[in-house]
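Please read the structure below before turning to the comments.
Counting from 1, the numbers follow the sequence of the chain as shown.
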Amino acid sequence: MKVLVKNLGGRPLKLELDISPQDTVASLKAQVEAADGVLHYQQKLCWGGKQLQDLGAKLESYGMRDAGDGKVHKIGLLRTYPPPDWIPFQLEVRTRPAYFMIEVKPRDTMEAVKETIQRAKGWKASELLLLFDDATTVKGNHFDESSSLMLYAKPGSQCYGELGGAVGAVGSDEDEDEDEDENEGSSGGSGGGVGVGGDGGEESDVSDEDETEEEAAERERRRGR
């Protein structure tokens, strides 16, 4: 179906786009950005008295239909300049087998991040685990474009195997076993060297000296008789 995107403020702008009711709001914004250069996070789109705000929602969920009569839907565009906490960036999300990128905002909570992952990958947000409290924010946890976010799955969840297991599954079991073996080996060696060769030797030397002194005292006592 055809839509006409018209700028409601500032410079004149009319974009005619060919889209589908199955397209998401994010997809529509991406087309507007590609056609005119207005960044997607600066776009406020309105249609039928409603703001197209939910990026993951399909256009048909707002009532937009293709009636097959060639009707052109008119969409209003307002260019906004959001504060820094609203400006999104690409964040790398790592799982045991792979990694992928998602778009987040500094103000997003970690619960919102899980919902973004759900929209991108289809994994249920309720089955995902992050090493941060759900109420904390991307900014509060000091994430930026150079960061990586580790993602795990709850045991028994549908995506458990796909994500490589729950917290601690990413190499930690094997690493812990190796560390334990190394620690046991090193403590055993040092314990043997210090405990037996060091402390044990000193103790035996002291006891030998004490025994020799006692014998000497006994000899002196006998001589005195």
- Would you say the side chain of T24 lies within less than 4.5 Å of the side chain of L55, judging by non-hydrogen atoms? no
- Item | Residues that F143 engages under ring pair (Phe, Tyr, Trp, His ring centres under 6.0 Å), provided they are two or more places apart | F132
- Message: Check whether N141 reaches the backbone of T137 with its side chain - one donor and one acceptor, N or O, closer than 3.5 Å.
- Response: yes
- Item | Contacts of H73 that satisfy ring pair (Phe, Tyr, Trp, His ring centres under 6.0 Å) - sequence neighbours left out | W47
- Item | Spacing of CG belonging to D66 relative to CE belonging to M64, to within rounding of 0.5 Å | 11.0 Å
- Item | Minimal non-hydrogen separation, L13 against L15, with atom names | CD1-CG, 3.7 Å
- Flag the pair D23 / Q31 as yes when at least one side-chain heavy-atom distance between them is below 4.5 Å, and no otherwise. yes
- Counting only N and O atoms by type, is there a donor-acceptor contact under 3.5 Å from the side chain of T80 to the main-chain atoms of Q42? yes
- Task: Run the numbers on L4 and K14 for side-chain contact (heavy atoms from CB on, under 4.5 Å), then give the verdict.
- Result: CA-CA 7 Å; L4 181 65; K14 288 185 179 181; 4.1 Å; yes
- Can you list the steps and then say if L28 with L52 is a side-chain contact (heavy atoms from CB on, under 4.5 Å)? CA-CA 10 Å; L28 174 59; L52 308 181; 4.0 Å; yes
- Message: Is it true that, when you exclude E60 itself, more than 12 heavy atoms of the residues, nucleotides or ligands shown sit nearer than 6.0 Å to its CD?
- Response: yes
- Query: Can you list every ring pair (Phe, Tyr, Trp, His ring centres under 6.0 Å) pair that touches residues 6-30, not counting sequence neighbours?
  - Reply: none
- Message: Less than 4.5 Å apart, side chain to side chain, heavy atoms only: is that true for L149 and V113?
- Response: yes
- Does any donor atom in the side chain of Q90 or E145 lie under 3.5 Å from an acceptor atom in the other side chain? no
- Pairs in or reaching into residues 102-111: which pass side chain to side chain donor-acceptor pair (under 3.5 Å), with residues at least two apart or in two chains? H40-E103
- Item | Partner residues of Y99 under the ring pair (Phe, Tyr, Trp, His ring centres under 6.0 Å) criterion, sequence neighbours left out | none
- Take V5 and L17, measure what side-chain contact (heavy atoms from CB on, under 4.5 Å) needs, and give me the verdict at the end. CA-CA 8 Å; V5 180; L17 303 174; 4.1 Å; yes
- Charged N to carboxylate O under 4.0 angstrom, R94 versus E92? yes
- Task: Mark yes or no for whether K154, through its side chain, and S126, through its backbone, hold a donor-acceptor pair below 3.5 Å.
- Result: yes
- Yes or no on side-chain contact (heavy atoms from CB on, under 4.5 Å) for K114 and D134, after CA distance, side-chain angles and deciding distance? CA-CA 9 Å; K114 289 196 285 189; D134 285 347; 3.1 Å; yes
- Modelled atom types, side-chain donor and acceptor of D144 and S147, under 3.5 Å: yes
- So CG of L39 and CD1 of I87: to nearest 0.5 Å the spacing works out to 9.0 Å
- Message: Could you check whether Q43 and K29, counting side-chain N and O atoms only, form a donor-acceptor pair closer than 3.5 Å?
- Response: no
- Task: Decide yes or no for Y152 and L130: does some side-chain heavy atom of the first lie under 4.5 Å from some side-chain heavy atom of the second?
- Result: no
- Message: I want to check something: taking the side chain as every heavy atom from C-beta on, are I102 and I117 in contact at a cut-off of under 4.5 Å?
- Response: yes
- Item | Which atom of L163 lies closest to which atom of A153, heavy atoms considered | CD1-CB, 3.7 Å
- Message: Testing the 3.5 Å rule here: is there a donor-acceptor pair between the side chains of W123 and E162?
- Response: yes
- Message: Counting neighbours of CD on Q51 that are heavy atoms of other residues, nucleotides or ligands and sit closer than 6.0 Å, is the number greater than 12?
- Response: yes
- Task: Could I get the full list of ring pair (Phe, Tyr, Trp, His ring centres under 6.0 Å) partners for Y62, not counting sequence neighbours?
- Result: none
- Close side-chain approach of L151 to F100, heavy-atom, < 4.5 Å: yes
- Task: Would you indicate whether the side-chain heavy atoms of P21 and M1 approach each other to under 4.5 Å?
- Result: yes
